Amino acid sequence: MIRAVSLTLDMIAAPAVIFVGLSGDDAPSDGGSGRLVIPNLSISAHEGREHFAASCGACHGAYGEGSDSGPVLIHTLYGRTLYRDAEIVSAVRNGARARNWPFGDMPAIGGVSDDRLDLIIGFLREVQAANNIE
């Protein structure tokens, strides 16, 4: 689980590797080293990151690295091969039953427009791709 991650705006300008306290089933697909690559985000993904932080970050961390309240999204379980964009939309709109995490059911998240949700998904997919998650 993540303990603390501090990121600043200048870390977004260039690709970076951060180390987070991930372990066990919540570890990224790199085998649990806790290494999370933060890519140089596109303009739309940077905007999506801001919306993600506002709507999702409290549980899923600033970059999808997870927290004590929600699972890691930068993980093969949530890559586009296993977890399509439509499933992300459904989870946000309708909530999701706990299945791969011990945090309980995810509630529906209100107030996220379709346009913002598209940006959030784009952000997640860019970070996943930078971490070799398809």
Side-chain angles (χ1 to χ4, degrees):
M1 301 257 188
I2 185 146
R3 298 296 173 239
V5 175
S6 265
L7 300 171
T8 59
L9 190 56
D10 61 321
M11 292 178 77
I12 298 166
V17 175
I18 61 172
F19 294 88
V20 294
L22 302 173
S23 62
D25 291 337
D26 287 335
S29 61
D30 66 0
S33 71
R35 182 180 146 273
L36 179 66
V37 176
I38 306 300
N40 185 4
L41 297 171
S42 68
I43 292 170
S44 63
H46 177 70
E47 186 177 347
R49 187 198 68 78
E50 292 173 0
H51 296 305
F52 180 87
S55 299
C56 316
C59 293
H60 294 291
Y63 285 86
E65 72 277 9
S67 76
D68 290 336
S69 300
V72 173
L73 298 178
I74 309 307
H75 190 285
T76 55
L77 288 173
Y78 301 104
R80 74 175 67 241
T81 302
L82 295 177
Y83 206 76
R84 297 175 314 236
D85 294 355
E87 292 174 285
I88 295 172
V89 171
S90 178
V92 171
R93 297 283 181 247
N94 307 310
R97 291 195 179 219
R99 59 181 186 181
N100 298 315
W101 61 83
F103 308 102
D105 293 345
M106 176 184 153
I109 307 300
V112 180
S113 70
D114 290 343
D115 290 341
R116 286 186 179 183
L117 190 49
D118 286 344
L119 292 167
I120 288 169
I121 292 169
F123 157 71
L124 284 174
R125 297 307 190 198
E126 280 192 28
V127 178
Q128 288 173 340
N131 288 273
N132 298 313
I133 296 169
E134 295 300 321

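Because the structure is predicted, anything quoted here is derived from the model rather than measured.
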*Main-chain N/O of Arg84 paired with Glu87 side-chain donor or acceptor, under 3.5 Å*: yes
*Search all heavy atoms of Ser55 against all heavy atoms of Val112 and return the closest pair with its distance.*
OG-CG2, 3.6 Å
Atom pairs and distances, side-chain donor-acceptor, residues 114-130, under 3.5 Å, sequence neighbours left out:
| from | atom 1 | to | atom 2 | distance (Å) |
| --- | --- | --- | --- | --- |
| Asp114 | OD1 | Arg93 | NH2 | 2.7 |
| Arg125 | NE | Asp85 | OD1 | 2.9 |
| Arg125 | NH1 | Tyr78 | O | 2.8 |
| Arg125 | NH1 | Gln128 | OE1 | 2.8 |
| Arg125 | NH2 | Tyr83 | O | 2.5 |
| Arg125 | NH2 | Asp85 | OD1 | 2.9 |
| Glu126 | OE1 | Ser42 | N | 3.1 |
| Glu126 | OE2 | Ser42 | OG | 2.6 |
| Gln128 | NE2 | Leu73 | O | 2.9 |
| Gln128 | NE2 | Tyr78 | O | 2.9 |

*Using side chain to side chain contact (heavy atoms under 4.5 Å, CB included) as the criterion, list what pairs up with Asp105, not counting sequence neighbours.*
Arg97, Ala98
*Distance from Cys56 atom SG to Ile88 atom CD1, nearest 0.5 Å?*
9.5 Å
_Among residues at least two apart in sequence or on other chains, which ones pass side chain to side chain contact (heavy atoms under 4.5 Å, CB included) with Ala108?_
none
*So do Pro71 and His60 actually touch side chain to side chain, heavy atoms under 4.5 Å?*
yes
*Roughly how far, to the nearest 0.5 Å, is the NE2 atom of His51 from the NE2 atom of His46?*
10.0 Å
*So how far is it from Asn131 CG to Ile38 CD1, rounded to the nearest 0.5 Å?*
7.0 Å
*Search all heavy atoms of Ala58 against all heavy atoms of Ser67 and return the closest pair with its distance.*
O-OG, 3.6 Å
*Any sub-3.5 Å donor-acceptor pair from Thr81's side-chain atoms to Glu134's backbone N or O?*
yes
*From Thr76 OG1 over to Leu82 CG, what is the distance, rounded to the nearest 0.5 angstrom?*
6.5 Å
*What distance do Asn132 atom CG and Ile74 atom CD1 have between them, rounded to the nearest 0.5 Å?*
12.0 Å
